[in-house]
Amino acid sequence: MALINITNIVFDQDTALFNNPIQMQITFEVMRQLDDEIEWKLIYIGSPTSDKYDQVLEQFSMPPLQQGTMQFTLMSSGPNFELIPSKDDLFGASAIILSVKYRKQEFFRVGYYVYNTYLEPELIENDPPQVLIDRVYRQINTQAPRVTRINIDWEGQMVQLYVNPQQNNQSFMFQQQPIFNDITNNPGYLQQQVPDKTQQQQLQQQQFSGGLNNNNNQYTDLQSIF
């Protein structure tokens with residue numbers, strides 16, 4: 001039985017300027033007291049063709065936790081534009097991945113496709129020769145997450161004779177056609193989204209695989225750990 005169950009992830013904003021921080025609220029259940037740390041890693045895929053351009057946006061460990069339902073906010077800086085190899089990679093297929101490990105074994109991975117674009121009509125129609133990164137917006141497609149849950153040796157007692165090779169980030173996200181919502185087709189997109197932030201977060205909760213179970217557990221705010 002899995003000792004940790006990620007039940008919900010909600011982004012503070014799915015559309016923001018490229019350089020803005022990425023912030024998400026994560027809810028998970030600990031089924032019994034843990035003996036080891038939980039490791040979290042947030043990755044931005046700088047190019048779908050090579051993992052050498054992957055950027056680790058945030059990486060940290062939580063100390064062993066008690067049984068209960070936990071909730072915390074993960075915040076990272078935006079991706080470093082200077083580390084993206086080309087203009088085509090910036091405006092082409094991209095993604096962010098959240099990976100979670102226990103006892104050094106990855107048990108949960110979720111990926112979200114990212115679409116970077118200008119929103120101003122004059123920049124869309126007349127693409128500047130040099131990227132104006134402070135006017136580029138990033139959209140995280142929170143409506144189509146790619147979720148993988150992996151059965152691991154939770155107790156650290158099994159002798160594994162064979163371990164499946166870990167799928168790299170590019171294969172995980174780009175073996176199939178990326179799913180994007182082109183926000184440039186709707187000039188009023190941002191204005192429509194700002195007053196409906198609560199509704200936007202509720203939609204993310206519905207889309208995320210697993211959903212929150214109905215229970216009477218109180219959330220433990222872990223934000224102070226970081």
Side-chain angles (χ1 to χ4, degrees), residues 1-14 21-45 54-79 95-112 140 142 144-160 163-169 172-173 197-198 200-226:
M1 183 186 72
L3 299 184
I4 305 163
N5 183 28
I6 314 294
T7 57
N8 204 21
I9 297 176
V10 178
F11 285 81
D12 182 62
Q13 289 182 303
D14 59 8
I22 297 173
Q23 181 172 317
M24 63 183 76
Q25 186 180 80
I26 300 173
T27 306
F28 65 100
E29 295 174 336
V30 177
M31 310 314 292
R32 66 164 176 76
Q33 183 175 339
L34 301 179
D35 300 322
D36 212 328
E37 297 179 336
I38 307 174
E39 302 173 45
W40 305 80
K41 182 188 288 188
L42 185 65
I43 301 164
Y44 179 82
I45 297 180
D54 290 358
Q55 299 182 37
V56 177
L57 302 180
E58 187 61 84
Q59 185 173 13
F60 56 89
S61 296
M62 287 179 177
L65 299 172
Q66 300 289 329
Q67 180 179 354
T69 301
M70 314 293 175
Q71 189 176 82
F72 72 100
T73 299
L74 188 158
M75 179 181 287
S76 79
S77 58
I96 60 171
I97 292 174
L98 177 67
S99 171
V100 193
K101 293 182 179 182
Y102 182 71
R103 297 188 187 276
K104 309 298 181 183
Q105 304 166 87
E106 183 181 53
F107 66 89
F108 178 85
R109 176 184 287 207
V110 58
Y112 299 88
I140 301 172
T142 59
R146 295 205 63 196
V147 181
T148 297
R149 301 175 190 271
I150 305 162
N151 188 24
I152 65 169
D153 178 11
W154 293 96
E155 304 297 338
Q157 297 177 350
M158 294 175 59
V159 178
Q160 295 181 324
V163 178
N164 289 325
Q166 183 174 339
Q167 187 179 33
N168 68 26
N169 297 328
F172 177 65
M173 293 305 297
K197 182 176 177 181
T198 301
Q200 176 184 339
Q201 293 179 341
Q202 290 173 346
L203 178 61
Q204 291 181 39
Q205 291 175 347
Q206 296 169 4
Q207 295 291 342
F208 184 79
S209 175
L212 279 173
N213 296 324
N214 293 326
N215 55 50
N216 296 320
N217 291 339
Q218 296 296 314
Y219 292 136
T220 301
D221 186 358
L222 301 178
Q223 190 171 4
S224 60
I225 292 177
F226 314 113

* Say you draw a straight line from CZ of R149 to CZ of R109; how long is it, rounded to the nearest 0.5 Å? -> 14.5 Å
* Shortest non-hydrogen separation from Q67 to V30 and the atoms involved -> CG-O, 3.3 Å
* Asked: Do S61 and E39 have a side chain donor and acceptor closer than 3.5 Å?
  -> no
* **Any side-chain heavy-atom pair of L3 and F107 under 4.5 Å** => no
* How long is the span from the CH2 atom in W154 to the CG atom in L34, to the nearest 0.5 Å? -> 8.5 Å
* Asked: Is any side-chain heavy atom of Q33 closer than 4.5 Å to a side-chain heavy atom of Q66?
  -> yes
* Atom of Y102, atom of E37 and distance for their closest heavy-atom approach -> CD1-O, 3.3 Å
* Structure fact -> Closest heavy-atom pair, L65 versus I38, reported as atoms and distance to 0.1 Å, is CD1-CD1, 3.9 Å
* Could you check I6, V147, I97, V100 and say which one makes a side chain to side chain contact (heavy atoms under 4.5 Å, CB included) with V110? => V147
* Audit row: I22, Y44, side chain to side chain contact (heavy atoms under 4.5 Å, CB included) steps and yes/no -> CA-CA 11 Å; I22 297 173; Y44 179 82; 5.7 Å; no
* Any side-chain heavy atom of Q105 sitting closer than 4.5 Å to one from D153? -> yes
* To do: Answer yes or no: is there a side-chain heavy-atom contact under 4.5 Å between Y112 and I9?
  => yes
* Under 3.5 Å, is there a donor-acceptor pair linking the side chains of E106 and S99? -> yes
* To do: Locate the shortest heavy-atom distance separating M31 from I4; write the atom from each residue and the value.
  => CG-N, 4.5 Å
* Could you tell me whether the side chain of Q23 reaches within less than 4.5 Å of the side chain of Q13, counting heavy atoms only? => no
* **Nearest-0.5 Å distance that lies between atom CE in M70 and atom OG1 in T27** => 11.5 Å
* Between CD of E29 and CG of N8, what distance do you get to the nearest 0.5 Å? -> 11.0 Å
* Can you measure from OG1 (T142) to CZ (F11) and round to the nearest 0.5 angstrom? => 7.5 Å
* Asked: Atom CD1 of I26 and atom CG of L42: how far apart are they, to the nearest 0.5 Å?
  -> 8.0 Å
